Amino acid sequence: MNNFYEQVYEVVKLIPKGRVTSYGAIASFLGSKGSARLVGWAMNQAHALVDVPAHRVLNRNGLLSGKHHFPTPTAMQQLLEDEGITVVNDQVENFDKVFWSPNELI
DNA sequence: GACATGACGGCAG
DNA sequence: CCTGCCGCCATGT
């Protein structure tokens, strides 16, 4: 229980403000390469943790695929824009620039 | 105990 | 270049 999920939460909590990452990047970083779905499932649990900025985790396309899981569909975009991230059509602009890889931790 | 689904990703056509 | 299918692990029914 405190293995994969806790690792995911820890990584997500370490995402710098104004930066985002992808499910696959986290999964690969944790060793469960290809199991991005697990990260998504972990995010579902993270929904209960206020310390986990799930809004900074997007899919590989930089699309706000999980916006529907927030209190309001616009909450995720609102939070990202509040951090200086430009979101257009539910997609992050300059995704490559704001993208943050867990490997940066090392 | 088995089947179906999900906040994804990669590869093939 | 765009679309579709399969694979991955865990959870819920």
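Here is the naming used below: chain letters follow the sequence lines, and residue numbers restart at 1 for every chain. None of the values given here were measured: they were computed from a predicted structure.
- In terms of modelled atom types and a separation under 3.5 Å, the side chain of A:T21 and the main chain of A:S101 share no donor-acceptor contact.
- Judged by distance alone, with hydrogens and angles left aside, the side-chain atoms of A:N59 form a donor-acceptor pair with the main-chain N or O of A:N61 at under 3.5 Å.
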Check: protein-nucleotides 6-9 of chain B nitrogen or oxygen pairs below 3.5 Å:
from	atom 1	to	atom 2	distance (Å)
B:dG6	N7	A:R37	NH1	3.4
B:dG6	O6	A:R37	NH1	3.1
B:dA7	OP1	A:H69	NE2	3.0
B:dA7	O5'	A:H69	NE2	3.4
B:dA7	N7	A:N44	N	3.2
B:dA7	N6	A:M43	O	2.9
B:dA7	N3	A:Y23	OH	3.2
B:dC8	OP1	A:S65	OG	3.3
B:dC8	N3	A:R37	NE	3.2
B:dC8	N4	A:R37	NE	3.3
B:dC8	N4	A:R37	NH2	2.2
B:dG9	OP1	A:G24	N	3.2
B:dG9	OP1	A:R60	N	3.1
B:dG9	OP2	A:R60	N	2.7

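- Residue pairs meeting the ring pair (Phe, Tyr, Trp, His ring centres under 6.0 Å) criterion with at least one partner in residues 25-54 of chain A, sequence neighbours excluded, are absent.
- Considering only heavy atoms from C-beta on, A:M43 comes within 4.5 Å of A:Y23 through its side chain.
- The separation between A:I26 atom CD1 and C:dC9 atom P is 18 Å, rounded to whole Å.
- Not a single donor-acceptor pair under 3.5 Å links the side chain of A:R60 to the backbone N or O of A:G24.
- Taking the P atom of each, B:dT5 and C:dC5 are spaced 15 Å apart, rounded to whole Å.
- Distance check on atom C1': B:dA4 versus C:dC6 gives 16 Å, rounded to whole Å.
- Not counting sequence neighbours, the partners of A:F95 by the ring-ring contact (aromatic ring centres under 6.0 Å, His included) test are A:F99.
- Taking atom P on both nucleotides, C:dG7 is separated from B:dC3 by 16 Å, rounded to a whole Å.
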